[in-house]
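Position 1 is the first residue of the sequence; numbering continues from there. Both ligands and their constituent atoms are indexed starting at 1 by order of listing.
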Amino acid sequence: MKRVFIHTFGCQMNVNDTLRMSEALSSMQYSPTPTAENADLIILNTCSIREKAEDKMLSALGRYRQVKLQRGALIGVGGCVAQQEKNRILERVPYVDFVFGPDAIQKLPEIIGRVEADRVRVVETAWVDSESYVFPRADPNTSRGKATEFITVMKGCDNVCSFCVVPHTRGREVSRPFTEVLQEAASLTTVGVREVTLVGQNVNSYAGGISFAQLLLRTAQVPGIERVRFTTSHPQDLSDELIEAFRIEPKIMSHFHLPVQSGSNQVLERMRRHYTIAQYLGQLEKLRAARPDIAVTTDIIVGFPGETDDDFEKTYQLAEQVRYAGQFSFIYSPRPKTGAAMREEEWGSVAHDVKIARLERLNAMQKKISVEFNAKFVGATVEVLVEGSSKTDATRRFGRTSQNTTVNFDGDAPIGALVKVQIQSASAASMSGKQLSVDSLPAVMIPEAMVAPEVCVA
Ligand code: SAH
Ligand code: SF4
Ligand code: F3S
């Protein structure tokens, strides 16, 4: 057996793609290893959403060069930077052996075969056309040891948000037929998975034979599936039908990630987001009426070209008014071939120190609100799906609430159990408590999770 180490950067799509890469490689007798040092093959599954993500990839590559020198390991670059930079990666980094885009995952054995046999460097970044694209089917054995798993329901993005590189790195939207999604959910239950998160860059425009709301409802009906989540939604396609699904299906968890990006309509227009703040707030109101305990989280970009103090104040006030349970805020980073990068001079760059100051203000406010949000649960009893031992203290357990907050707790329930936990304390990022009772055990006992592949959120 040879060993492969895959370093994953970026979003859940990449996390899931990494699993598909391991499966494709198992046909070549590669088994996953948790450390690069003993690997025969090192793959970086990259993200290019911000410049920093690319920098992280380059510094990781620098570290893995040693392994190549010592053991002759092959090094491959996949994911979004691969799709964006293609053969430029080979030109820039002489020790990279092959580059492959997100559509070439299933071709990995063939690519590596060519590299090994012919001692050539390979670049494979052609798109598979939408009609003939077949989504790789997950092998449930890859998910053994996990209570929760992702299911890819669509790929690509047909929007043209002016800051975003994803349409260039992931291509056109293709939805996975709903029957395949339901089959995958059912197959995951055979290894003990009880929660699934349906993932895509823009799940609200899912078109795999039924609406996205129907897909959620049907997934919730799969025997053995107790919890359903999804990400990411674009506010422009959020339908009343999806909001209604929250009212009628308790297995859909009380968490909605709805990236707003900015609180200023002028900025939203330049971002090409196609909604106004009034429309966004209207949707939130309906959502909260349908599911009063819902936790709403968001993404915000600060320092978008032309963002004035007044625009930023609007964002700050919006976040204060909405009281998000969590907020992922980023400094704007110009990306190749995007509308905003091309018009930055015309719209005007925001000074770096101004961007930092805005980000810090938002983060400080959000931290306070997140603490308050979680503090409301202190003393209450919540339901948690046990995912394993706590990352900070191996003698404790951890899982997540319906609202997606991490709970570390004293208890002994096995992975996959749904337990009642009494919350004793809370911080901005997590809560702590003690197990009161076990509500239900998984139909299949799940072995303690093996070491997961290294993931680095870029
Ligand atoms: N499909 C999702 C977004 C995926 S990218 C959606 O439409 O909401 C995740 C987040 O990265 C975005 O929501 C945005 O806040 C941030 N992001 C994307 N491009 C960026 C850029 N050029 N600079 C800074 N942040 C960016
Ligand atoms: Fe990027 Fe916009 Fe598509 Fe999200 S919806 S992936 S931000 S282009
Ligand atoms: Fe995901 Fe990053 Fe690509 S966020 S889609 S891995 S650019």
Side-chain angles (χ1 to χ4, degrees), residues 7-18 21 44-54 56-57 77-85 101-103 105 150 152-173 199-206 230-238 256-263 267-268 270-275 280 296-305 307 315 319 324 326-344 349-350 352 355 358-359 362 455-458:
H7 187 158
T8 311
F9 301 80
C11 64
Q12 291 89 340
M13 246 75 63
N14 265 13
V15 174
N16 222 10
D17 284 355
T18 288
M21 288 178 197
L44 290 90
N45 190 9
T46 62
C47 170
S48 73
I49 200 79
R50 287 169 287 276
E51 201 175 354
K52 251 193 190 161
E54 279 190 63
K56 280 188 192 169
M57 168 200 93
V77 176
C80 288
V81 183
Q83 190 63 42
Q84 178 190 298
E85 296 298 315
D103 270 13
I105 293 173
F150 297 120
T152 299
V153 301
M154 64 180 301
K155 69 172 204 103
C157 182
D158 285 351
N159 290 318
V160 278
C161 303
S162 63
F163 51 81
C164 185
V165 79
V166 169
H168 303 286
T169 63
R170 294 272 164 167
R172 300 304 301 255
E173 274 173 19
V199 296
Q201 278 297 351
N202 190 18
V203 289
N204 288 351
S205 60
Y206 175 80
F230 60 94
T231 195
T232 301
S233 320
H234 188 302
Q236 83 176 341
D237 314 300
L238 203 176
F256 207 114
H257 185 61
L258 197 58
V260 69
Q261 312 299 359
S262 168
V267 173
L268 287 175
R270 288 200 300 276
M271 287 179 164
R272 303 187 66 174
R273 290 290 285 182
H274 304 299
Y275 52 82
Y280 180 87
V296 180
T297 56
T298 202
D299 292 343
I300 289 173
I301 295 178
V302 298
F304 184 78
E307 184 188 68
T315 302
Y324 292 106
Q327 186 193 118
F328 302 91
S329 299
F330 311 101
I331 285 181
Y332 169 74
S333 166
R335 306 313 294 136
K337 295 191 190 148
T338 56
M342 287 189 270
R343 296 183 69 180
E344 185 156 358
S349 300
V350 176
H352 190 65
K355 288 179 180 165
R358 289 178 184 169
L359 183 73
L362 267 185
V455 179
C456 154
V457 177

Original post:
What is the closest protein heavy atom to atom 7 (O) of ligand 1, and at what distance does it sit?
Top reply: Arg273 NH1, 3.4 Å
**OP:** Please state which part of Arg170 comes within less than 4.0 Å of ligand 3, counting heavy atoms only: side chain, backbone, both or neither.
**Re:** side chain
Subject >> Residue portion contacting ligand 2 (non-hydrogen atoms closer than 4.0 Å) for Pro259 >> reply: neither
Original post:
Which atoms of ligand 2 have any heavy atom of Phe163 under 4.0 Å away?
Top reply: 7 (S)
Original post:
So, does Ser48 sit close enough to ligand 3 that a heavy atom of it is under 4.0 Å from the ligand?
Top reply: yes
Original post:
How far is atom 1 (Fe) of ligand 3 from its nearest protein heavy atom, and which residue and atom name does that atom have?
Top reply: Cys11 SG, 2.3 Å
Original post:
Do any of the N, O or S atoms of Cys161 sit under 2.8 Å from atom 1 (Fe) of ligand 2?
Top reply: no
**OP:** Examine distances only and state if a side-chain atom of Ser262 and a backbone atom of Val267 form a donor-acceptor pair shorter than 3.5 Å.
**Re:** no
Original post:
What about Ser233: any of its N or O atoms under 3.5 Å from an N or O on ligand 1?
Top reply: no
**OP:** Say whether, by atom type as modelled, one donor and one acceptor occur between the side chain of Glu51 and the main chain of Ser333 under 3.5 angstrom.
**Re:** no
Original post:
Nearest to atom 1 (N) of ligand 1, what protein heavy atom do you find, and at what distance?
Top reply: Gln201 O, 2.7 Å
Original post:
Between Arg50 and ligand 1, is there a nitrogen or oxygen pair with a distance under 3.5 Å?
Top reply: yes
Subject >> Any donor-acceptor N or O pair under 3.5 Å, side chains Thr231, Gln12 >> reply: no
Subject >> Heavy atom of the protein closest to atom 4 (Fe) of ligand 2 (residue, atom name, distance) >> reply: Gln201 O, 4.2 Å
Original post:
Going by the atom numbers of ligand 2, which of them fall below 4.0 Å from some non-hydrogen atom of His234?
Top reply: 5 (S)
Original post:
For the side chain of Asn204 and the backbone of His234, is there at least one donor-acceptor N/O pair under 3.5 Å apart?
Top reply: yes
Original post:
Got an N, O or S from Cys164 under 2.8 Å of atom 3 (Fe) of ligand 2?
Top reply: no
Original post:
Of the protein's non-hydrogen atoms, which lies at the shortest distance from atom 5 (S) of ligand 2, and what is that distance?
Top reply: Asn159 ND2, 3.3 Å
Subject >> pair Asp103-Gln83: side-chain heavy atoms closer than 4.5 Å >> reply: no
**OP:** Write out the residue and atom name of the closest protein heavy atom to atom 23 (N) of ligand 1, then the distance separating them to 0.1 Å.
**Re:** Ser333 N, 3.0 Å
**OP:** Identify the two heavy atoms, one from Tyr332 and one from Ala341, that lie closest to each other, and give their separation to 0.1 Å.
**Re:** OH-N, 3.6 Å
**OP:** Indicate yes or no: does an N/O atom of Phe163 lie under 3.5 Å from an N/O atom of ligand 1?
**Re:** yes
**OP:** Would you please classify the geometry between the Phe256 ring and the Phe230 ring as parallel, tilted or perpendicular, with 30° and 60° separating the classes?
**Re:** perpendicular
Original post:
Does any N or O atom in Thr232 lie less than 3.5 angstrom from one in ligand 1, N or O only?
Top reply: no
Subject >> Atom indices of ligand 2, in the order listed, that fall short of 4.0 Å to a heavy atom of Pro167 >> reply: 8 (S)
Original post:
Below 4.5 Å, heavy atoms only, C-beta onward: do Ile331 and Val302 meet side chain to side chain?
Top reply: yes
**OP:** Report yes or no: is the cationic atom of Arg270 (NZ for Lys, CZ for Arg) closer than 6.0 Å to the six-membered ring centre of Phe304, at no more than 45° off its axis?
**Re:** no
Subject >> Side chain Tyr275, main chain Val260, donor-acceptor under 3.5 Å >> reply: yes
Subject >> Residue Cys157 vicinity, atoms of ligand 2 by number, heavy atom under 4.0 Å >> reply: 3 (Fe), 5 (S), 6 (S), 8 (S)
Original post:
Is there a donor-acceptor contact under 3.5 Å from the side chain of Asn14 to the main chain of Thr8?
Top reply: no
Original post:
Do Pro336 and Gln84 come close enough that some side-chain heavy atom pair is under 4.5 Å?
Top reply: yes
Original post:
Which pair of non-hydrogen atoms, one from Gln201 and one from Cys11, has the smallest distance, and what is that distance?
Top reply: NE2-SG, 3.8 Å
Original post:
Quick one: does Arg335 get an N or O within less than 3.5 Å of an N or O on ligand 1?
Top reply: no
Subject >> Proximity winner for atom 13 (O) of ligand 1, if only heavy atoms of Val165, Asp299, Val260, Ile331 are counted >> reply: Asp299
Subject >> Distance-only side-chain donor-acceptor flag, Ser48 / Glu54, under 3.5 Å >> reply: no
Original post:
Which protein heavy atom lies closest to atom 5 (S) of ligand 1, and at what distance to 0.1 Å?
Top reply: Ile49 CD1, 3.5 Å
Original post:
Any idea which atoms of ligand 3 are less than 4.0 Å away from a heavy-atom of Asn14?
Top reply: 6 (S)
Subject >> Per-atom contacts, ligand 1 versus Tyr332 - under 4.0 Å to a heavy atom >> reply: 23 (N), 24 (C)
Subject >> Val77 vs Thr46, side chain to side chain contact (heavy atoms under 4.5 Å, CB included): CA-CA, chis, key distance, verdict >> reply: CA-CA 7 Å; Val77 176; Thr46 62; 3.8 Å; yes
Subject >> Contact check, Arg273 vs ligand 2, heavy-atom distance below 4.0 Å >> reply: yes
Original post:
Can you find an N/O atom of Gln261 closer than 3.5 Å to an N/O atom of ligand 1?
Top reply: yes
**OP:** Give the contacting part of Ile301 toward ligand 1: side chain, backbone, both or neither, where contact means a heavy-atom distance below 4.0 Å.
**Re:** side chain
Original post:
Do the side chain of Thr297 and the main chain of Gln327 share a donor and acceptor less than 3.5 angstrom apart?
Top reply: no
**OP:** Answer with side chain, backbone, both or neither: which part of Val166 has a heavy atom less than 4.0 angstrom from an atom of ligand 2?
**Re:** side chain
**OP:** Could you find the nearest protein heavy atom to atom 8 (O) of ligand 1 and give me its residue, atom name and distance?
**Re:** Pro259 CG, 3.0 Å
Original post:
Can any side-chain N or O of Thr232 pair as donor or acceptor with the backbone N or O of Asn202 at less than 3.5 Å?
Top reply: no
Original post:
Considering only protein heavy atoms, which is closest to atom 2 (Fe) of ligand 3, and at what distance to one decimal place?
Top reply: Cys47 SG, 2.4 Å
Original post:
Contact between Gln201 and ligand 3, counting heavy atoms under 4.0 Å?
Top reply: yes
**OP:** Report the nearest protein non-hydrogen atom to atom 3 (Fe) of ligand 3: residue, atom name, distance rounded to 0.1 Å.
**Re:** Cys80 SG, 2.2 Å
Subject >> Spatial distance of atom CZ (Arg170) from atom SG (Cys80) [nearest 0.5 Å] >> reply: 4.0 Å
